[in-house]
Amino acid sequence: MYQRNPDSTLSQSSPRSLSPRGKDGFFARVYALVRRIPRGKVLTYGQVAALLGEARWARTVGWALRACASRSVPCHRVLGGRGRCSPGYGSGHPERQRARLEAEGVRFRLGGTVDLAAYGWLGPPRAARRSRMHGSA
DNA sequence: AGGTTGACTGGGG
DNA sequence: TCCCCAGCCAACC
């Protein structure tokens, strides 16, 4: 099984990353958003960055997830822009990411990519609800 | 203070 | 479709 020590990653793996300074806790906001991705749905690094209002910070999102502060953050639901698993997932085991996603019902194409149009999350409900409920009034 | 790194992206071959 | 290159930008050293 591929369970890493949640505790060790919390206390010693990335001590400084847990107190992100750039932009009032960008890391924390990344974790908060990723935690909301529903089972069986995915998001790309670029989309996470965009949803947080920092469209060009895709690489920084990667930094945040590398630290993967808590086991409660389903970081396996974040893929590269081409719907591919992250090369560095689980310290170089993207297959683990795939296994987790498949366990949630996400199917992969022959090339090892996920159909983002089919499995992509639309984002926080609130954003979608706002335009629909309030409309113009 | 400055160079390097990286779980990214988009474009081109 | 896959691989490589240039641009990207904060974190890291």
Side-chain angles (χ1 to χ4, degrees):
Chain A
M1 22 179 88
Y2 29 82
Q3 34 108 326
R4 291 168 286 154
N5 273 324
D7 304 282
S8 67
T9 59
L10 267 172
S11 57
Q12 62 172 280
S13 180
S14 49
R16 302 180 64 188
S17 301
L18 293 181
S19 52
R21 29 251 158 70
K23 288 259 184 172
D24 68 344
F26 184 72
F27 281 25
R29 292 202 288 146
V30 169
Y31 301 143
L33 176 60
V34 173
R35 243 190 297 261
R36 296 163 68 176
I37 302 176
R39 237 180 94 87
K41 289 295 181 180
V42 300
L43 225 48
T44 68
Y45 295 91
Q47 290 174 325
V48 171
L51 286 170
L52 292 178
E54 299 292 352
R56 312 215 171 260
W57 291 26
R59 307 192 75 152
T60 304
V61 171
W63 267 99
L65 294 187
R66 183 162 75 76
C68 208
S70 169
R71 189 162 44 67
S72 68
V73 178
C75 54
H76 63 284
R77 294 178 190 147
V78 182
L79 301 169
R82 289 147 184 158
R84 226 170 36 192
C85 289
S86 313
Y89 184 91
S91 301
H93 294 281
E95 54 183 54
R96 294 178 181 175
Q97 178 173 21
R98 174 172 179 159
R100 281 191 171 182
L101 286 172
E102 291 184 316
E104 300 185 350
V106 175
R107 289 185 295 184
F108 282 70
R109 299 197 190 90
L110 289 180
T113 63
V114 171
D115 184 347
L116 295 176
Y119 297 100
W121 184 38
L122 298 178
R126 187 152 47 106
R129 226 185 314 153
R130 191 152 57 89
S131 59
R132 178 165 282 281
M133 291 181 73
H134 293 262
S136 55

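Below, read A as the first sequence line, B as the second, and so on, with proteins coming before strands; counting in each chain starts at 1.
The side chain of W63(A) lies closest to dC12(C), out of dA7(B), dC12(C), dC9(C).
Side chain of Q97(A) to backbone of V78(A): a donor-acceptor contact under 3.5 angstrom is found. The backbone N or O of A64(A) sits less than 3.5 Å from a side-chain atom of Y31(A), completing a donor-acceptor pair.
Residue pairs satisfying the salt bridge (Lys or Arg N to Asp or Glu O under 4.0 Å) criterion with at least one member in residues 110-125 of chain A, sequence neighbours excluded, are listed as follows: R109(A)-D115(A). Evaluation of the salt bridge (Lys or Arg N to Asp or Glu O under 4.0 Å) test over residues 39-53 of chain A, restricted to residues two or more places apart or in two chains, returns none.
In this structure, F27(A) places its CZ atom 11 Å from P of dA10(C), rounding to the nearest Å. Atoms CZ (R100(A)) and P (dA7(B)) sit 17 Å apart, rounded to a whole Å. F26(A) has its CZ atom 15 Å from the P atom of dA7(B), to the nearest Å. For Y89(A) and dA7(B), the OH to P distance is 14 Å, given to the nearest whole Å.
Residues forming a side chain to side chain contact (heavy atoms under 4.5 Å, CB included) with P74(A) (at least two apart in sequence, or on another chain): V34(A), R35(A), H76(A), R77(A). Contacts of R82(A) classified as side chain to side chain contact (heavy atoms under 4.5 Å, CB included), with partners at least two apart in sequence or in another chain: none. Contacts of E95(A) classified as salt bridge (Lys or Arg N to Asp or Glu O under 4.0 Å), with partners at least two apart in sequence or in another chain: none. In this structure, P87(A) has no side chain to side chain contact (heavy atoms under 4.5 Å, CB included) partners at least two apart in sequence or on a different chain. Partners of R59(A) according to the side chain to side chain donor-acceptor pair (under 3.5 Å) rule, which considers only residues two or more places apart in sequence or in another chain, do not exist here. For R84(A), the salt bridge (Lys or Arg N to Asp or Glu O under 4.0 Å) criterion is met by no residue, not counting sequence neighbours.
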Show each protein N/O and nucleotides 1-4 of chain B N/O combination with a separation under 3.5 Å, one pair to a line.
none

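A heavy atom closer than 4.0 Å to some atom of DNA chain B occurs in no member of residues 102-112 of chain A.
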> In the 5'-to-3' direction, what one-character label does each nucleotide of nucleotides 8-13 of chain B receive under the scheme B = base within less than 4.0 Å of a protein heavy atom, S = sugar-phosphate only, - = no such atom?
Replying inline: BSBB--
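Cluster partners of L79(A), using a side-chain heavy-atom cutoff of under 4.5 Å among ILVMFWY residues and allowing indirect links, are V42(A), L101(A), V106(A), F108(A), V114(A), L116(A), Y119(A).
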